[in-house]
Amino acid sequence: MNATEKKIAVLLAGTGVIPIPEECLKEIFVDNHSMFTEESKEGESEVNFMKRAFCKALRKESIVNSTKQCMIINAPVGHGKMSSEEIGLLSTYINRWTNDAEHYSMNWGLYEIPNTTKMRITILASSPTRPQAEENETQDVKNILVLRNAFEKTRKQMKANALSINALSDNLNFPMFAELTLKKT
């Protein structure tokens with residue numbers, strides 16, 4: 001068993017109520033990835049824990065900017081299937097993470113772990129690259145270069161105009177402007 005398989009075995013310990021395919025985890029482990037783990041506090045309800053954990057995950061840049069995630073939810077034995085409220089929280093998290101875009105991948109599983117009274121959520125996220133963010137960054141660089149070129153052209157034109165005006169004023173003498181006076185009417 002190699003190191004990746006050992007990590008996956010640890011993550012998938014327990015009884016799979018809703019198992020996650022190991023291939024999904026292997027895919028993320030091959031890539032440069034980040035991991036987020038949060039555990040419930042003593043006496044904290046599952047719903048409050050999930051709200052807190054998902055809010056915290058959505059503040060972590062490497063999680064938010066990933067395009068592929070695998071989530072493992074560990075619960076005490078006897079938890080069983082997820083409640084409709086828990087599924088709603090999970091759905092809300094996924095919608096906020098993806099912003100309802102289509103090019104994101106999320107796999108998740110629920111595992112019951114013996115000898116624990118706490119829930120734990122672990123999120124493995126692919127390397128943080130969002131295609132739209134990369135396109136925006138490339139476009140920003142192009143826009144900056146266009147503006148820089150336009151600014152340089154304007155600066156050169158203003159310098160040429162100033163030199164022309166100086167040359168004209170040095171070489172031309174306009175006697176009619178020499179003794180300007182203002183008249184009251």
Side-chain angles (χ1 to χ4, degrees), residues 1-140:
M1 185 180 280
N2 66 30
T4 299
E5 290 170 340
K6 287 179 185 175
K7 289 177 186 175
I8 291 173
V10 168
L11 287 169
L12 301 182
T15 305
V17 178
I18 303 171
I20 190 170
E22 284 187 39
E23 298 79 45
C24 300
L25 291 168
K26 286 179 183 175
E27 233 176 87
I28 289 182
F29 271 111
V30 168
D31 192 12
N32 184 15
H33 68 283
S34 60
M35 183 162 42
F36 168 83
T37 302
E38 188 69 19
E39 193 170 272
S40 65
K41 296 175 182 173
E42 201 62 49
E44 184 177 29
S45 74
E46 284 98 356
V47 170
N48 287 340
F49 162 66
M50 290 177 78
K51 285 179 186 176
R52 182 174 58 79
F54 291 149
C55 284
K56 198 171 182 179
L58 288 169
R59 287 191 302 262
K60 190 171 181 183
E61 192 173 324
S62 61
I63 298 295
V64 172
N65 291 331
S66 65
T67 55
K68 185 181 292 185
Q69 291 185 9
C70 288
M71 180 186 302
I72 298 111
I73 302 171
N74 297 120
V77 172
H79 183 271
K81 298 275 184 190
M82 294 177 73
S83 70
S84 59
E85 194 171 3
E86 291 170 334
I87 290 174
L89 289 169
L90 177 61
S91 178
T92 299
Y93 166 79
I94 293 169
N95 288 336
R96 285 185 181 163
W97 166 61
T98 63
N99 291 321
D100 294 321
E102 295 177 13
H103 59 274
Y104 298 95
S105 170
M106 165 62 88
N107 291 293
W108 64 275
L110 174 63
Y111 292 82
E112 289 186 333
I113 306 294
N115 305 322
T116 186
T117 59
K118 296 181 177 183
M119 277 186 89
R120 182 177 62 234
I121 293 177
T122 303
I123 301 172
L124 295 167
S126 62
S127 59
T129 54
R130 285 187 178 238
Q132 186 62 43
E134 289 176 6
E135 288 174 21
N136 290 347
E137 190 173 306
T138 303
Q139 188 60 45
D140 287 347

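Computation of the quantities below employed the complete heavy-atom set of this structure, encompassing side-chain atoms and omitting hydrogens, waters and symmetry-equivalent molecules. What you see is a predicted model; the values in this text were computed from it and never measured.
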Main chain of Met35, side chain of Lys60: is a donor-acceptor contact present, judged purely on distance under 3.5 Å? yes

Flag, side chain of Ser91 to backbone of Ile87, donor-acceptor distance under 3.5 Å: no

Are the side chains of Trp108 and Ile123 in contact, using a 4.5 Å heavy-atom criterion? no

Measuring from atom OG of Ser83 to atom CE of Met50, what distance do you get when rounded to the nearest 0.5 angstrom? 7.5 Å

I need the minimum non-hydrogen distance between Glu39 and Phe49, along with the two atoms involved. C-CE1, 3.3 Å

Rounded to the nearest 0.5 Å, how far apart are CD1 of Ile72 and CD1 of Ile18? 13.0 Å

Least distance between heavy atoms, Val64 atom then Arg59 atom: CG2-N, 4.5 Å

Can you name the nearest heavy-atom pair linking Met119 to Pro76, along with the distance? CG-CD, 4.1 Å

Gap between atom CD of Glu46 and atom CG of Leu89 - 0.5 Å precision: 11.5 Å

With rounding to the nearest 0.5 Å, note down the distance linking CG in Asn107 to NZ in Lys68. 8.5 Å

Here the gap from Ser62 atom OG to His33 atom NE2, rounded to the nearest 0.5 Å, amounts to 10.5 Å

Answer whether the closest heavy-atom distance between the side chains of Ile73 and Glu86 falls below 4.5 Å. no

Might you point out which heavy atoms bring Ala57 and Tyr93 nearest each other, and give the distance in Å? CB-CE1, 4.1 Å

Atom CG of Leu110 and atom CD1 of Ile20: how far apart are they, to the nearest 0.5 Å? 11.0 Å

Which heavy atom in Val17 sits nearest to a heavy atom in Glu112, and how many Å separate them? CG2-CG, 3.5 Å

With Glu38 as partner, the option from Arg52, Lys51, Arg120 fulfilling salt bridge (charged side-chain N to carboxylate O under 4.0 Å, His left out) is Arg52

Side chains of Phe54 and Met71, heavy atoms from C-beta outward: is any pair under 4.5 Å? yes

Using every non-hydrogen atom in the two residues, find where Ser66 and Ser126 come nearest and quote the distance to one decimal. CB-O, 3.3 Å

